[in-house]
Undergrad: 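Sharing a structure, written as structure tokens. Questions coming.
All values reported here derive from a predicted model rather than from experimental measurement. First listed ligand is number 1; within each ligand, the first listed atom is number 1.
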Amino acid sequence: MTVAAEGADDTPGGPTEADWAAAVAAIRRLPADARVLLICHVNPDGDALGSMLGFGLGLRRLGLRRLQATFPGPPEVPEPFRWLPGLDLLVPQDAAYPDPDLLICFDASSESRLGDLADRLGSAGAALVLDHHPSNTGFGGIHLVDPHAAATSVVAAELLDRLGVPLDAEIAACFYVALSTDTGSFRFEATTPAVHELAARLLATGLRPGEISQRIFDTRPFGAVRLFGEALGRARLEPGAAGGRGLVWTYATLDDLARYDQPPHVLDALIDPVRCTAEADVSCVVKQAAVGEWSVSLRSRGAVDVSRVAVALGGGGHRLAAGFTGRGSLAEVVDRIRAELDGAVLAA
Ligand code: 5GP
Ligand code: MN
């Protein structure tokens with residue numbers, strides 16, 4: 001079975017004027033000592049951290065004093081992002097306000113991406129959700145979910161504009177990291193004129209894009225370089241998968257990470273050399289997160305809607321980039337992906 005190509009557009013629309021007004025009002029009504037908790041998805045990437053910290057700095061400029069930012073899981077920020085402005089807003093999840101006056105969620109498509117912090121959706125005075133995943137489940141109270149936005153930071157920047165907060169160099173650095181992460185350095189389909197217009201505004205604050213790109217894309221420990229070599233060396237190409245569009249995949253285990261003395265987040269970039277494979281539309285990296293638990297990254301070169309595969313297997317994402325957590329053995333997880341792929345091929 002094939003599914004309709006995008007453009008026929010079954011993608012839901014973005015926020016309405018009423019949604020924006022509700023979000024602005026929820027922030028404007030806060031007294032300076034209101035407790036505001038900002039959270040983003042587990043294993044945060046550049047967009048999750050950048051949109052959250054940039055927005056947090058914006059709230060600080062509005063005079064809010066009790067701001068916390070956090071994410072589920074170990075409180076370690078991946079090395080490429082350890083220089084971001086606003087890191088002082090971060091607290092470990094256990095230290096986060098149990099019942100904030102306002103909760104703001106960034107870049108999370110579903111409650112499950114918030115781990116143990118999802119309980120704040122019930123205990124917070126109000127819950128505002130900023131996101132750009134078409135698979136967003138509609139959780140939370142006030143929704144600023146724009147599936148046409150290239151990154152959650154596009155939504156965050158518009159909300160700061162509507163609140164009258166000027167973009168300074170610190171906020172801009174956070175949003176630039178977010179925007180360049182989610183557009184693959186302005187290469188992906190979502191790179192619209194509006195993306196470049198926002199990038200121009202951000203750069204005009206004095207950012208050094210070469211330095212930022214080198215830090216977030218082009219720097220990794222030698223152990224990670226060698227680990228990538230091993231993982232790429234065992235990649236498999238399955239030309240018949242996905243209705244003949246082809247699948248290329250590889251994996252990395254906790255043992256691999258230990259042998260090369262690397263933290264799990266270094267594997268976030270492993271999908272990039274894998275997805276270059278000309279003979280496969282779909283690429284996949286299966287990363288062991290625990291015994292019997294695998295974090296899966298899926299990409300498509302255009303012929304397959306990998307978010308369908310991810311959603312069917314309990315995850316989410318975008319048409320050309322998606323993921324899920326798989327349980328069982330490596331072989332079982334890959335079998336389940338193969339089984340879903342045929343139904344996710346887009347009509348020509
Ligand atoms: P990545 O492969 O870079 O981790 O993620 C690609 C896309 O899929 C991102 O938009 C990310 O938010 C989404 N994604 C990755 N893993 C999961 C998951 O386990 N659940 C959901 N809902 N989305 C995921
Ligand atoms: Mn994002």
Undergrad: Using a distance threshold of 2.8 Å, state whether an N, O or S atom of Asp182 lies below it from the Mn ion (ligand 2).
TA: yes

Undergrad: Tell me whether Trp294 contacts the main-chain N or O of Gly328 through its side chain, where contact means a donor paired with an acceptor under 3.5 Å.
TA: yes

Undergrad: In Asp47, the N, O or S atom nearest to the Mn ion (ligand 2) is which?
TA: OD2

Undergrad: Between Arg113 and Asp131, is there a salt bridge with N-O shorter than 4.0 Å?
TA: no

Undergrad: Do side-chain atoms of Asp47 reach the backbone of Thr152 as a donor and acceptor pair under 3.5 angstrom?
TA: yes

Undergrad: Considering only non-hydrogen protein atoms, determine which one is nearest to atom 12 (O) of ligand 1 and report residue, atom name and distance to 0.1 Å.
TA: His133 NE2, 3.1 Å

Undergrad: Do me a favour and list the nearest non-hydrogen protein atom to atom 15 (C) of ligand 1 with residue, atom name and distance?
TA: Gly323 CA, 3.4 Å

Undergrad: Any idea which atoms of ligand 1 are less than 4.0 Å away from a heavy-atom of Gly316?
TA: 8 (O), 13 (C), 14 (N), 20 (N), 21 (C), 22 (N), 23 (N), 24 (C)

Undergrad: Quick one: does any side-chain atom of Gln68 pair with a main-chain N or O of Tyr97 as donor and acceptor, under 3.5 Å?
TA: yes

Undergrad: Below 4.0 angstrom from a heavy atom of His318, which ligand 1 atoms are there? Numbered from 1 as shown, please.
TA: 10 (O)

Undergrad: Within the side chain of Asp281, is there an N or O that forms a donor-acceptor pair under 3.5 Å with the backbone of Ala303?
TA: yes

Undergrad: Taking both backbone and side-chain atoms into account, decide whether Asp107 has an N/O/S atom under 2.8 Å from the Mn ion (ligand 2).
TA: yes

Undergrad: What protein heavy atom lies closest to atom 19 (O) of ligand 1? Include the residue and the distance to one decimal.
TA: Phe324 CA, 3.3 Å

Undergrad: Among all protein heavy atoms in this structure, tell me which lies nearest to atom 4 (O) of ligand 1, with the distance rounded to 0.1 Å.
TA: Ser297 OG, 3.8 Å

Undergrad: Thinking salt bridges, do Glu230 and Arg234 make one under a 4.0 Å N-O criterion?
TA: yes

Undergrad: So, Arg162 and Glu158, do they make that salt bridge, N to O below 4.0 Å?
TA: yes

Undergrad: Below 4.0 Å from any atom of ligand 1, is there a heavy atom belonging to Thr325?
TA: yes

Undergrad: Examine the proximity of ligand 1 to Ser109 and report which part, side chain or backbone, both or neither, has a heavy atom under 4.0 Å away.
TA: side chain

Undergrad: Can you report which non-hydrogen protein atom sits closest to atom 18 (C) of ligand 1, along with the distance?
TA: Arg113 NH1, 3.3 Å

Undergrad: At a 4.0 Å threshold, what atoms of ligand 1 neighbour a non-hydrogen atom of Gly317?
TA: 8 (O), 13 (C)

Undergrad: Identify, for atom 3 (O) of ligand 1, the protein heavy atom at the shortest distance, and state residue, atom and that distance.
TA: Arg299 NH2, 2.9 Å

Undergrad: So, is His132 placed with an N/O/S atom under 2.8 Å from the Mn ion (ligand 2), counting both backbone and side chain?
TA: yes

Undergrad: Between Arg319 and Glu189, is there a side-chain N and carboxylate O pair less than 4.0 Å apart?
TA: no

Undergrad: Quick one: OG1 on Thr70 to CG on Leu89, what's the gap to the nearest 0.5 Å?
TA: 11.0 Å

Undergrad: Closer than 4.0 angstrom, basic N to acidic O: yes or no for Asp99 and Arg35?
TA: yes

Undergrad: What atoms of ligand 1 come within less than 4.0 Å of a heavy atom belonging to Gly315?
TA: 20 (N), 21 (C), 22 (N)

